[in-house]
There are 2 protein chains.
Amino acid sequence: MDGTPPDYECILRDAGLRITKPRRIILEILSETDDHPDAAEIFRRAVQRDARLSLATVYRTMKVLEESGAIQRHAFGDGPARFEQIGEDHHDHLIDVDTGDVIEFTSSRIEALQDEIAERLGYQIVHHKLELYGRKLRPQPQRRRKAKA
Amino acid sequence: MDGTPPDYECILRDAGLRITKPRRIILEILSETDDHPDAAEIFRRAVQRDARLSLATVYRTMKVLEESGAIQRHAFGDGPARFEQIGEDHHDHLIDVDTGDVIEFTSSRIEALQDEIAERLGYQIVHHKLELYGRKLRPQPQRRRKAKA
DNA sequence: ATGCAAATGCAAACCGTTTGCAAAAACAAT
DNA sequence: ATTGTTTTTGCAAACGGTTTGCATTTGCAT
């Protein structure tokens with residue numbers, strides 16, 4: 001499409017995987033979004049770019065990408081797995097219990113505490129999951145009370 | 001943990017549920033264990049006490065107990081849901097990635113940080129999930145290196 | 001082009017969990 | 001205890017998300 005070489009191809013190549021149309025499409029989708037789509041959603045978006053792509057391929061690709069460290073799988077609440085590409089930054093998630101929206105955040109202080117705790121228990125952390133499930137608190141109680149309930 | 005009469009009956013009564021044999025058995029099992037069994041495991045243990053109990057009942061009971069706030073459901077990693085009865089203390093979990101063992105811990109400092117972060121993002125925490133996935137670090141590297149094997 | 005391994009699509013299998021339904025059990029009233 | 005009413009149960013079938021067997025297509029090195 002353009003001139004700049006996209007690096008999802010590198011991702012695949014580095015993982016010793018073949019560069020196929022389905023994989024390219026899926027990686028494109030992942031790199032274009034900043035939300036956390038599940039397999040069905042990725043499939044929906046992917047089919048628009050190549051109608052004969054299958055859900056099974058989405059799942060297979062997600063697995064393979066996860067194993068090669070290109071993406072991360074999440075299991076928020078109980079629903080289907082949701083995915084995001086991995087950036088340099090590690091972050092945790094705040095999930096809006098009402099809307100399902102996901103807000104990313106980081107806290108090096110929490111990370112540090114985690115390491116400390118694990119070590120104290122005789123463990124080394126492989127990975128961790130911190131999810132805050134919250135509800136929007138009504139905007140600024142310090143505003144003038146006139147402005148509608 | 002003590003000698004006082006078990007109050008699983010109260011739990012049911014308080015929740016407006018009927019006291020049935022299956023429910024009593026399941027609550028017994030839950031209150032006797034300190035691990036985090038999944039539905040199948042609870043079923044296995046329950047069948048030994050009443051052979052005609054069904055897995056569906058286990059699931060239904062777990063749901064009902066969760067809704068009434070008597071137990072808590074966890075989804076460690078990707079496997080089946082695992083349950084534990086709710087005590088007064090809130091705690092988080094460190095999961096041994098090799099064995100599946102679960103170690104409970106608490107950290108008020110982390111809790112405080114979580115509240116702080118959520119508030120900064122304009123949210124109020126409804127609940128949260130902190131799971132550390134770790135591997136046992138080989139015991140005390142500061143011992144004499146002679147031992148081994 | 002050619003050949004071979006890897007990847008795909010399809011449909012069927014899978015696993016944990018839920019559900020419809022008729023039979024059984026709990027509780028309340030007698 | 002005997003009812004009557006409602007909840008709960010067991011079974012088996014359905015479910016939703018995910019995986020898999022297999023024949024076909026594709027990528028890619030030759």
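Lettering follows sequence order; numbering is per chain, from 1. Please read all numbers here as calculations on a predicted model, not as lab measurements.
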**Request:** Fit a plane to each ring of A:His74 and A:Phe76, take the angle between them on a 0 to 90° scale, and name the class: parallel (under 30°), tilted (30 to 60°) or perpendicular (over 60°).
**Result:** parallel
**Reference residue B:His36; test side-chain hydrogen bond (donor to acceptor under 3.5 Å, both in side chains); the match among B:Arg82, B:Glu41, B:Gln72, B:Glu84** = B:Glu84
**Message:** Let me check the geometry of the helix from C:dA1-D:dT30 to C:dA12-D:dT19. What is the bend angle between the axes at its two ends, five pairs each, to 10°?
**Reply:** 30°
**Message:** Under 4.0 Å from OP1 or OP2 of D:dG10: is there any side-chain N or O of B:Thr57 that close?
**Reply:** yes
**Prompt:** Mapping B:Pro80 and A:Lys21 to their closest nucleotides on DNA chain C, which lands nearer the 5' end?
**Reply:** A:Lys21
**Prompt:** Can you tell me if the side-chain N/O atoms of B:Thr20 get under 4.0 Å from OP1 or OP2 in D:dT9?
**Reply:** yes
**Request:** Please state whether the phosphate of C:dT17, meaning OP1 or OP2, lies under 4.0 angstrom from any side-chain nitrogen or oxygen of B:Tyr59.
**Result:** yes
**Prompt:** Any ion pair linking A:Glu32 and A:Arg49 (charged N to carboxylate O, less than 4.0 Å)?
**Reply:** yes
**B:Arg135/B:Asp101 ion pair, N-O < 4.0 Å** = no
**Request:** Just compare C:dC10, C:dT8, D:dG10 and give me whichever is closest to any side-chain atom of A:Thr61.
**Result:** C:dT8
**Prompt:** So which one's nearest nucleotide on DNA chain C is more toward 5', B:Arg18 or B:Phe83?
**Reply:** B:Phe83
**Asked** Can you tell me if the side-chain N/O atoms of B:Lys63 get under 4.0 Å from OP1 or OP2 in D:dT8?
**Response** no
**Item:** Side-chain donor/acceptor contact of A:Arg60 with base of D:dG21 under 3.5 Å
**Value:** yes
**Prompt:** Hey, does A:Ala81 reach any base, or is it just sugar-phosphate, or nothing, if we go heavy atoms under 4.0 Å?
**Reply:** sugar-phosphate
**Item:** Flag side-chain contact, heavy atom, 4.5 Å: B:Asp98 against B:Lys136
**Value:** no
**Item:** Residue-phosphate contact under 4.0 Å: B:Arg23 side-chain N/O, D:dT8 OP1/OP2
**Value:** yes
